[in-house]
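In what follows, every chain begins at residue 1, and chains take the letters A, B, ... in the order their sequences are listed. The figures here come from the full heavy-atom set of this structure, side chains too, leaving out hydrogens, waters and symmetry mates. Given the structure is predicted, the values throughout are model-derived calculations rather than measurements.
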Protein chains: 2
Amino acid sequence: MRKENSTNSINREALINQCPVNYTLELIGGRWKTLILFNLQNKPLRFSELKRALPGVTEKMLTQQLRELEADNLLTRTVYAEVPPRVEYSLTDLGKSLQPVLINIAKWGLSVMPTYTSKQARA
Amino acid sequence: MRKENSTNSINREALINQCPVNYTLELIGGRWKTLILFNLQNKPLRFSELKRALPGVTEKMLTQQLRELEADNLLTRTVYAEVPPRVEYSLTDLGKSLQPVLINIAKWGLSVMPTYTSKQARA
DNA sequence: TATGGTACTTACTAAAAAGTAAGTTTTATG
DNA sequence: CATAAAACTTACTTTTTAGTAAGTACCATA
């Protein structure tokens, strides 16, 4: 739960409101969000399908990030009245409109990321 | 200081290595980094100039984020043999190559961000 | 009852990021 | 000496994010 009156919170909100880059990063920032968005770009997927597509993700984290993406209107969560439960996630139009941006970011990343694992330069 | 063997760290590194979007976001993610990069796009600036351009930033946070951007080769830190100290920051070619990406992100952000402050929808 | 499947929820811990406040460095000037 | 300027550094605290582990709900089947 975010504390409302902390300097941290105040600065964060200020930057989100003033800087469209920060606004966007706020929507896609999260350990698993970009991969979720990537996996949903071609068709809707169930929770379990997403989970299998994201090695290392816990159900808890997956749920949390999906809920945030939903809250930000980037994806739709469809619950089917079935047992076992069946829940499907699909991109909204807004979520789809983000794909070219993500592709653009990916292109830059691909053009500069090293082909070997040399991340030790970072503290 | 990042702990090397935490699941958190392992997942993070895995995603940075596998996903170019995450790789890029790792470079620009940080409360003040995008604004720093934006302010440096036209000409080099001194520490104090950057500080004045970023309301709410502390010297500590500014220093930290500048050092990280430098470590990631996005900017150059030039120290002049003067008193009072004079240190200048400027974008590297790599930093400059990132500008179109940031502009692309900003465009999307601008197209969707509300014109009024309605961020309460987020937990 | 137990077991199974899917998709969570809850209570907590660990790790990371951001911030606070004080102190330091290099000289120059009074 | 004191004060000033610019650009940090250090030690600590607060806040936020990510993760661990157990439990829950809804049925269906044995």
Side-chain angles (χ1 to χ4, degrees), chain A residues 1-16 22 25-26 28-36 44-70 77-89 122-123, chain B residues 1-16 22 25-36 44-52 54-70 77-89 122-123:
Chain A
M1 204 60 199
R2 295 174 192 159
K3 179 165 181 172
E4 249 192 40
N5 290 333
S6 59
T7 305
N8 201 358
S9 213
I10 289 167
N11 283 342
R12 176 211 198 107
E13 293 292 330
L15 264 65
I16 290 169
N22 271 281
L25 294 189
E26 185 74 15
I28 64 174
R31 175 69 29 84
W32 304 99
K33 286 186 184 176
T34 53
L35 282 180
I36 291 172
L45 293 174
R46 298 181 58 174
F47 185 91
S48 46
E49 288 173 310
L50 276 168
K51 192 173 141 203
R52 277 195 295 275
L54 307 176
V57 76
T58 59
E59 295 172 0
K60 188 257 185 189
M61 287 309 303
L62 183 53
T63 303
Q64 185 178 306
Q65 308 256 289
L66 285 168
R67 291 298 180 130
E68 286 176 26
L69 288 169
E70 184 192 8
R77 178 172 170 271
T78 309
V79 183
Y80 294 87
E82 295 180 21
V83 171
R86 179 173 161 215
V87 180
E88 214 172 65
Y89 296 90
R122 186 73 178 275
Chain B
M1 201 62 199
R2 295 176 191 157
K3 179 166 182 172
E4 248 191 44
N5 290 334
S6 59
T7 305
N8 201 358
S9 213
I10 290 166
N11 283 342
R12 176 210 195 106
E13 292 294 329
L15 264 64
I16 291 169
N22 271 282
L25 294 189
E26 184 74 13
L27 300 183
I28 63 175
R31 174 70 28 83
W32 303 99
K33 286 185 185 177
T34 53
L35 282 180
I36 291 171
L45 292 174
R46 298 179 59 173
F47 185 90
S48 46
E49 288 174 309
L50 276 168
K51 193 174 140 200
R52 277 193 296 274
L54 308 176
V57 77
T58 59
E59 294 173 2
K60 189 256 184 187
M61 288 309 303
L62 182 53
T63 305
Q64 186 177 305
Q65 308 257 287
L66 285 167
R67 292 297 179 135
E68 286 175 25
L69 288 168
E70 183 192 10
R77 176 172 172 271
T78 308
V79 183
Y80 294 87
E82 294 178 21
V83 171
R86 179 173 164 215
V87 180
E88 216 171 64
Y89 296 90
R122 185 76 176 273

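For dG19(D), one of the phosphate oxygens OP1 or OP2 lies less than 4.0 angstrom from a side-chain nitrogen or oxygen of Trp32(A). Residue Ser6(B) has no polar side-chain atom (N or O) positioned under 4.0 Å from OP1 or OP2 of dG19(D). Between Thr7(B) and dT20(D) there is a side-chain polar atom (N or O) within less than 4.0 angstrom of OP1 or OP2. Listed pair Arg46(A) / dA7(C) meets the phosphate criterion, a side-chain N or O lying under 4.0 Å from OP1 or OP2. Contact annotation: Arg12(A) reaches the phosphate of dT17(D) (side-chain N/O to OP1 or OP2, under 4.0 Å). Applying the 4.0 Å criterion to OP1 and OP2 of dG5(C), one finds that Ser48(A) has every side-chain N and O outside that range. Note on Asn11(B): every side-chain N or O is 4.0 Å or more away from OP1 and OP2 of dA18(D).
Comparing dA25(D), dA18(D), dA18(C) against the side chain of Asn8(B) picks out dA18(D) as the nearest. Which of dA25(D), dA6(D), dA18(C) sits closest to the side chain of Arg31(B) comes down to dA18(C). Side-chain proximity of Arg2(A) to the nucleotides dT6(C), dT16(D), dA18(C) is greatest for dT16(D). Considering only the side chain of Lys3(A), dT16(D) comes nearest among dT16(D), dA5(D), dG5(C).
Between Arg31(A) and Asn8(B), the shortest heavy-atom distance links the atoms NH1-OD1, 2.7 Å. The nearest pair of heavy atoms linking Trp32(A) to Gln65(A) is N-OE1, 2.9 Å. The nearest pair of heavy atoms linking Arg46(A) to Pro85(A) is NH2-O, 3.3 Å. The two atoms that bring Thr34(A) and Ile28(A) nearest to each other are CG2-O, 3.8 Å, heavy atoms only. Summarising the geometry of Leu25(A) relative to Leu25(B), their closest heavy-atom pair is CD2-CD2, 3.6 Å, with the distance given to 0.1 Å. In terms of heavy atoms, Ala53(A) sits closest to Pro55(A) at O-CD, 3.1 Å.
Between the CG atom of Leu25(A) and the C1' atom of dA17(C) there is a distance of 15 Å, rounded to whole Å. One can place CG of Leu62(B) at 14 Å from P of dA6(D), the figure rounded to the nearest angstrom. Between the C1' atom of dA18(D) and the CD atom of Glu13(B) lies a distance of 15 Å, rounded to the nearest Å. Per the geometry, CD1 belonging to Ile36(A) stands 11 Å off P belonging to dA18(D), to the nearest Å. In this structure, CD of Gln64(A) is placed 18 Å from P of dA7(C), rounded to the nearest angstrom. To the nearest angstrom, P of dT17(D) lies 15 Å from CD of Glu26(B). Put simply, CZ on Arg86(A) is 17 Å from C1' on dC8(C), counting in whole angstrom units. In this structure, CD1 of Ile28(A) is placed 17 Å from C1' of dT17(D), rounded to the nearest angstrom.
Inter-residue side-chain proximity for Ile16(A) and Arg12(A) is flagged as met; some heavy-atom pair is nearer than 4.5 Å. Contact annotation: the side chain of Leu66(B) approaches that of Phe47(B) to within less than 4.5 Å [non-hydrogen atoms, C-beta and beyond]. The shortest side-chain heavy-atom distance between Leu62(A) and Ile36(A) falls under the 4.5 Å cut-off. In this structure, the side chains of Leu50(A) and Leu35(A) stay at 4.5 Å or more apart for every pair of heavy atoms.
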Using a cut-off of under 3.5 Å, enumerate the N/O to N/O pairs linking the protein to nucleotides 8-12 of chain D.
from   : atom 1 : to       : atom 2 : distance (Å)
dC8(D) : OP1    : Arg67(B) : NH2    : 3.4
dC8(D) : OP1    : Arg77(B) : NE     : 3.0
dC8(D) : OP1    : Arg77(B) : NH2    : 2.6
dC8(D) : OP2    : Tyr89(B) : OH     : 2.2
dC8(D) : N4     : Glu59(B) : OE1    : 2.7

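For Ser9(A) and Val83(A), each mapped to the nucleotide of DNA chain C holding its nearest heavy atom, the one lying further toward the 5' end belongs to Val83(A).
If you check every strand for non-hydrogen atoms under 4.0 Å, Gln65(A) touches sugar and phosphate atoms only.
An angle of 40°, rounded to 10°, separates the two end axes of the helix from dT1(C)-dA30(D) to dG30(C)-dC1(D), each defined over five pairs.
Counting only distance, with no hydrogens or angles, the side chain of Thr63(A) and the backbone of Glu59(A) share a donor-acceptor pair below 3.5 Å.
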